[in-house]
Every structure is written in C-alpha cells, then in structure tokens.
Amino acid sequence: MTKLIQLYNTLTRKKEPFVPLQENKVSMYVCGPTVYNYIHIGNARSVVAFDTIRRYLEFRGYEVRYITNFTDVDDKIIKAAHEQNKTPKEVADFYIAAFFEDVDALGVKRSTAYPRVMDTIDEIIAFIQELIEKGHAYESFGDVYFRTDSFKDYGKLSHLDLDQLRQGASQRVDEEEWEKKESPVDFALWKKAKPNEIYWESPWGKGRPGWHIECSVMANLYLGDTIDIHAGGQDLTFPHHENEIAQSEAKTGHTFANYWLHNGFVTMDNEKMSKSLGNFKLMRDLRQTMDPQAIRLFLASAHYRHPLSFSASAIHEAKVQLDRIKTALRNAHHLLDQSATLQEGIDEAKVQEWEIYRTRFIDAMDDDFQVQNAVAIIYEMINALNRYLEQPRPTKETIEMMISQIQTLVGILGLTDLYEAPELLDEEIEQLIAERQAARDAKDFARADEIRNQLAAEGIRLEDTANGVRYHREGGVNNE
RNA sequence: GGCGCGGUAGCCAAGUGGUAAGGCCGAGGUCUGCAAAACCUCUAUCGUCGGUUCAAAUCCGAUCCGUGCCUCCA
C-alpha cells in the first residue's frame with residue numbers, strides 16, 4: 001500500500017495527501033462533549049465518524065494517539081449543578097458515565113486518554129501566562145482575554161475576515177464587555193468567578209478557564225506543539241477551532257494542526273439537530289427501541305462531511321441492512337459447521353476476486369473516508385458470499401476467507417461481533433426440532449408447522465436448508 | 001451582507017468529461033411441502049435555462065429551491 005490517503009482539509013478547502021509528521025504514527029485530537037446532558041445522535045455522529053477514521057488509519061498501519069477531552073467546566077454545567085443541587089464535578093461525572101454507555105453501545109473504541117478541564121487547570125494557567133508574557137493576551141478586571149489583533153492569521157481556518165468579524169461582534173457585544181475588551185473580537189481565556197461559582201486560584205484572582213483554551217492546552221500536553229489531525233463538528237470551525245489555532249500558534253510559534261477535519265450535521269426535517277433548537281434525539285432514548293449497531297450503520301450511510309437526515313425509517317432501513325450482513329455470516333457459519341460435506345482446499349480464483357473487493361474498499365476509504373462507498377462494497381461481498389454458499393462445491397477455506405475479509409472490513413466501521421455462535425438449546429427444544437424433522441419426513445406438515453410456530457413464539461426461528469435445519473434466536477430490539 | 005454545503009429513481013445515497021455504484025421499498029421469477037433465507041430479473045438521463053465539447057450528472061455562466069456557519073452547539 002504505497003498510495004497515500006487523501007483527506008479534505010478545512011484549512012485549505014482541498015483534498016490533500018495525508019502525510020503524518022512521523023512515519024507510521026498519527027496524533028489526533030477530537031473535541032469531546034460538554035458534559036451537562038446526554039449526547040444526542042448528532043453528537044454521536046461526530047464521535048462515530050472520527051472513530052471510523054481512527055480505526056481506518058490503524059487498519060492502514062498507523063499507530064494512532066487519539067485524544068478526546070471532556071469539557072467539565074462550563075456555564076451550562078454550573079447551571080445544571082445549581083438546578084440539581086450538585087457540584088459541577090458530580091454533574092460532569094454523571095454525564096461522562098452516561099457518555100461511555102452510549103458510545104460503547106455504538107462500538108466506539110476508547111481514546112488514548114480523556115483529559116478533563118478540572119484536572120488540567122495548572123497547565124491552562126501556565127499556558128495563559130505565557131500568552132500574556134508574549135503579548136498575545138491581557139488581564140482585565142480579573143478576566144484574561146486573547147488579543148486577537150496580535151495574531152495575524154486569525155480567520156485562516158474558517159476563512160472569515162477579521163474586519164467583518166469585528167463589525168459583527170461590535171454590534172453584539174454589550175457595554176460591560178466593551179469596557180473589558182480591547183477589541184470586540186477578543187475572547188476569554190480566563191473568566192473571573194461570579195459569586196457561588198466554581199473557581200480556582202490564579203495569578204488573576206479566582207476564576208475558571210474559558211472554553212477554547214482547554215483544547216489548546218490538552219492537545220499540546222498530550223500530543224505536542226504540532227498535531228497531525230484535529231477534528232470536530234462543523235459548528236466548531238468558528239469560533240472554537242479558529243481560537244484554538246490563535247492561542248496555540250501564538251504560544252508555540254508552530255503550526256497547531258496540519259489537517260482539520262469537520263463532520264456534517266445530522267438533520268431533522270431538513271434542519272440541523274441541535275441542543276439549542278431542541279430538535280434532538282438522545283442516544284439514550286434511541287437505544288431503547290433501536291439496535292445501536294443499526295444506528296452505527298445508519299451513520300455510515302452518507303459521507304461524513306455531508307448532512308445526514310435522521311428518521312426512524314432510515315434507522316429501520318439500516319437495521320434491515322445490518323441483518324442482511326449478519327444473516328449471511330450466520331448462514332456461512334452454518335455451512336461451515338457441516339464441514340463433513342464441504343470440500344477441502346481454497347479456491348484461488350476467489351482469493352484473487354476478494355482481494356479486489358478489499359482493494360476497492362481501501363480505495364473508497366483512502367478517498368477522504370468515503371464510508372458509504374465502502375459499505376456498498378461490503379454489500380457486494382455479502383452478495384458474492386451468498387452466491388458462493390449456493391454453489392454445489394464450496395470449500396471450507398474459501399468460506400473462511402470470505403468471512404474473515406468481511407469481518408475485517410466491517411470492523412473498520414465499528415461493527416464487530418456480527419456473528420455469534422448459536423447458543424446451545426435446551427434439551428426440550430432439541431427434542432422438538434428432532435420431532436419436527438421426523439414429522440416432515442413423514443410428511444406430517446401440520447405437526448411440523450405447529451412446532452415451528454411454537455418455537456417461533458419462543459423467539460427461535462427455524463430455517464430448513466439443504467444442509468439441515470438452521471436456527472437462530474431473534475432477540476433484542478426490533479426497530480419496528 | 002460575508003463564507004460554505006446540497007438539489008441524481010418512490011425513498012436513502014455514490015458517481016466530477018465518455019452514455020448513471022450500492023441499499024431500502026415495490027413487481028415478477030427460481031429454490032422450498034410451506035415458510036424463512038438466498039439467488040435472478042425489472043424500475044432514473046441527473047432542479048431549471050443557456051454555453052463549451054465529438055461527448056456533460058460531471059466544465060463555464062445564469063437562475064430557482066433547501067440548508068449551515070458568521071453568538072453556546074458535534
């Protein structure tokens with residue numbers, strides 16, 4: 001694999017060949033959630049999109065250091081804490097635990113580390129101090145602001161014009177801020193604590209970090225001055241990521257991140273799903289009635305930068321597709337279990353054919369992570385597998401090769417454990433299945449169907465095949 | 001106003017110069033005692049108008065519609 005991965009870089013607005021700083025190693029920072037609520041499917045999309053990219057980079061042989069933060073100091077958390085009569089840390093801890101439950105269900109791989117603001121205060125203060133020393137920040141009435149005019153590249157990521165931003169901001173900023181800020185576009189690095197707010201001691205008095213500074217500090221702390229990939233939702237491009245660049249590059253004098261990746265939104269009725277609009281679906285609620293793996297497959301149904309329209313029927317469609325993959329794997333395994341009747345040896349022509357599928361999958365992913373095209377190839381593989389299983393003389397090793405290929409590629413999409421060996425059945429049920437076979441042999445189809453229906457009522461589905469009875473348990477959520 | 005994204009079959013969604021991937025749904029068929037699963041076949045000329053070209057969904061111009069960021073938001 002000598003070809004380079006191409007990825008779309010928000011910074012240059014172009015697809016670029018991906019060349020990490022160190023050969024075979026990738027440093028990646030993805031902005032994590034502010035933990036004052038459960039995550040919704042829009043948040044999940046971001047997590048899943050970059051998890052898939054991370055998994056793909058690992059598949060391509062890179063060692064990925066993958067950092068996601070938790071914002072656990074923030075206005076909304078403070079507000080939630082007051083309302084719930086808890087400390088901010090308690091609120092954060094609660095929603096962090098909930099976050100893991102949600103993303104674990106989606107098959108998201110754990111990050112290398114999950115830094116939290118509360119644990120990074122000292123480093124944040126030191127970082128801000130350095131910015132002040134270098135003239136890029138100033139203290140004002142207990143707050144500290146970033147001096148935007150001191151950073152000549154401001155706006156390079158979002159491609160916004162500083163003068164226009166200044167105009168826009170000047171109309172919005174209130175009188176109090178006017179007094180405190182040198183320029184309306186300056187943003188807070190440190191906020192003076194209001195009464196009854198959580199605070200830390202600092203050279204500027206009691207206060208807490210602003211929103212943007214944490215990511216600059218954590219990325220620097222865990223990944224160094226320059227990182228390979230920085231990612232997040234499109235809505236973070238401005239101001240969050242723009243400000244991160246300003247802070248980090250002003251401090252270090254080095255490029256903060258070489259590649260900026262931004263995922264598109266999940267929409268509801270053609271509108272962006274967002275907490276502020278209130279039109280969101282919590283993962284926690286969706287998981288009650290929808291298979292999380294189907295949700296994950298749904299999230300792979302469009303390119304990560306494009307909008308993705310959420311609907312129950314779309315998830316249902318994904319569930320049907322997921323079942324198609326699972327059924328094919330199950331049927332293949334069923335045939336393998338009849339290995340006495342299978343031929344030995346491997347079909348070299350099939351091996352070659354399947355290398356082509358693999359290559360096409362890689363080509364799709366190499367081109368800015370076109371998962372929806374990669375998934376299309378998986379469906380072609382499923383079709384090819386199903387056809388092969390129907391051949392008169394399939395060989396054991398060939399089937400195993402196909403299963404292995406499918407599982408590897410589907411695993412990159414975070415869909416693992418799609419095949420579970422059929423659980424052992426109760427003796428009673430075994431008896432019934434045997435009885436049904438006898439009934440069928442005796443052409444007593446009424447009795448045979450009766451038993452099949454009875455077992456179906458217990459969630460065990462029987463399928464008659466040329467290679468004996470196949471059964472599986474239908475369980476879990478149905479997505480109906 | 002500035003900076004973007006998108007308009008492809010009933011639905012979702014690829015395709016960025018050579019006569020439209022894949023999936024869902026639907027119809028028909030094969031296999032099966034039936035069912036299930038699977039397989040096979042069928043279903044589009046690409047928002048509109050104009051231009052460039054031997055050739056355009058794909059390039060250029062115009063236009064209509066939807067939508068995102070510019071303030072917290074994945």
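Proteins get letters first, then strands, A, B, ... in listed order; numbering begins at 1 in each. Keep in mind that this is a model prediction, so the values were computed, not measured.
Looking at A:Arg305, its side chain has no donor and acceptor atom pair within 3.5 Å of the base of B:rC5. Side-chain atoms of A:Asp449 and base atoms of B:rG33 include a donor and an acceptor less than 3.5 Å apart. No N or O donor and acceptor, one from the side chain of A:Arg461 and one from the base of B:rA36, sit under 3.5 Å apart. Remark: the A:Asp464 side chain and the B:rC34 base include a donor-acceptor N/O pair separated by less than 3.5 Å. Side-chain to base pairing of A:Lys275 with B:rC72: no donor and acceptor N or O lie closer than 3.5 Å to each other. Between the side chain of A:Asn263 and the base of B:rA74, a donor-acceptor pair under 3.5 Å is found.
Between A:Arg172 and B:rU71 there is a side-chain N or O to OP1 or OP2 distance below 4.0 Å. In this structure, A:Asn373 does not reach the B:rA13 phosphate: none of its side-chain N or O atoms is under 4.0 Å from OP1 or OP2. Between A:His306 and B:rA14, a side-chain N or O to OP1/OP2 separation shorter than 4.0 Å is present. Here A:Lys272 does not reach the OP1 or OP2 of B:rA74: none of its side-chain N or O atoms lies under 4.0 Å away. Taking only side-chain nitrogens and oxygens, A:Gln372 never comes nearer than 4.0 Å to OP1 or OP2 of B:rA13. Of the side-chain N and O atoms in A:Asn386, none sit less than 4.0 angstrom from OP1 or OP2 of B:rA38. Between A:Asn270 and B:rG68 there is no side-chain N or O to OP1 or OP2 distance below 4.0 Å. Dashed line: the shortest gap from a side-chain N or O of A:Gln370 to OP1 or OP2 of B:rG15 is under 4.0 Å. Taking only side-chain nitrogens and oxygens, A:Arg387 comes nearer than 4.0 Å to OP1 or OP2 of B:rC40.
Among the heavy atoms of the strands, none lies under 4.0 Å from A:Lys443. Contact annotation for A:Leu462: base contact, defined as any heavy-atom pair under 4.0 Å involving a base atom. Across all strands shown, A:Arg436 has heavy atoms under 4.0 Å from base atoms, whether or not it also approaches the sugar-phosphate. Backbone-only engagement by A:Gln164 is indicated by non-hydrogen atom pairs under 4.0 Å involving sugar-phosphate atoms exclusively. Contacts of A:Val266 with the nucleic acid, taken as non-hydrogen atoms under 4.0 Å apart, include base atoms. Heavy atoms of A:Thr327 sit under 4.0 angstrom from primed sugar atoms or phosphate atoms, though from no base atom. Within the nucleic acid shown, A:Gly232 comes within 4.0 Å of sugar-phosphate atoms alone, with no base atom in reach, counting heavy atoms only. Nucleic acid contact for A:Leu236: sugar-phosphate only, since backbone atoms but no base atoms lie under 4.0 Å from a heavy atom of the residue. Among the protein residues, A:Pro239 comes within range of the sugar-phosphate backbone only, with heavy atoms under 4.0 Å from sugar or phosphate atoms but none that close to a base. The residue A:Phe238 sits close only to the backbone: its heavy atoms come under 4.0 Å of sugar-phosphate atoms, none of a base. Within the nucleic acid shown, A:Ser301 comes within 4.0 Å of sugar-phosphate atoms alone, with no base atom in reach, counting heavy atoms only. Looking at heavy-atom distances under 4.0 Å, A:His262 makes no contact with the nucleic acid at all.
Of the C1' atoms belonging to B:rC60 and B:rU16, the separation is 14 Å, rounded to the nearest Å.
A stacked arrangement is not assigned to A:Tyr379 and the six-membered base ring of B:rG22, the conditions of a centre distance below 5.5 Å and an interplanar angle below 30° not being jointly met.
Taking 4.0 Å as the cut-off between side-chain N and carboxylate O, A:Arg447 and A:Glu435 count as a salt-bridged pair. The pair A:Arg440-A:Asp464 counts as a salt bridge, with a side-chain nitrogen and a carboxylate oxygen less than 4.0 angstrom apart.
The shortest side-chain heavy-atom distance between A:Tyr145 and A:Glu182 does not fall under the 4.5 Å cut-off.
Each of B:rA35, B:rA13, B:rC69 was ranked by its minimum atom distance to the side chain of A:Asp235; first place goes to B:rC69. For A:Glu317, the listed nucleotide lying nearest its side chain is B:rC12; candidates were B:rC70, B:rC12, B:rG68. Side chain of A:Arg13, nearest nucleotide from B:rC3, B:rA13, B:rA74: B:rC3. Out of B:rG66, B:rA38, B:rG2, the shortest distance to the side chain of A:Arg324 is found at B:rA38.
In this structure, A:Arg54 forms a cation-pi arrangement with A:Tyr66, its terminal cationic atom sitting closer than 6.0 Å to the ring centre and no more than 45° off the ring axis. Under the 6.0 Å distance and 45° angle rule, A:Arg65 does not count as a cation-pi partner of A:Tyr222.
Of all nucleotides present, none satisfies the Watson-Crick or G-U wobble test against B:rC72 with each distance under 3.5 Å. With both pairing distances under 3.5 Å, B:rU32 is matched to nothing as a Watson-Crick or G-U wobble pair. With a 3.5 Å ceiling on both atom-pair distances, the Watson-Crick or G-U wobble partner of B:rG50 is B:rC60. Pairing for B:rC25 is absent, with no Watson-Crick or G-U wobble pair whose two atom distances lie under 3.5 Å. B:rG4 is paired with B:rU67 under the Watson-Crick or G-U wobble criterion, all donor-acceptor distances under 3.5 Å.
The interatomic distance linking A:Glu380 (CD) with B:rA21 (C1') rounds to 7 Å, in whole Å. Nucleotide B:rC72 holds its P atom 13 Å from the CD atom of A:Glu242, rounded to whole Å. A:Asp186 places its CG atom 14 Å from the P atom of B:rU71, with the value rounded to the nearest Å.
Less than 6.0 angstrom separates the ring centroid of A:Tyr114 from the ring centroid of A:Phe100. With ring centers used as reference points, A:Tyr38 lies 6.0 Å or more from A:Phe99.
Across all non-hydrogen atoms, the minimal contact from A:Leu389 to A:Asn331 is CD1-C, 4.0 Å.
Each of A:Arg45 and A:Arg452 was matched to the nucleotide of RNA chain B holding its nearest heavy atom; the match closer to the 5' end belongs to A:Arg452.
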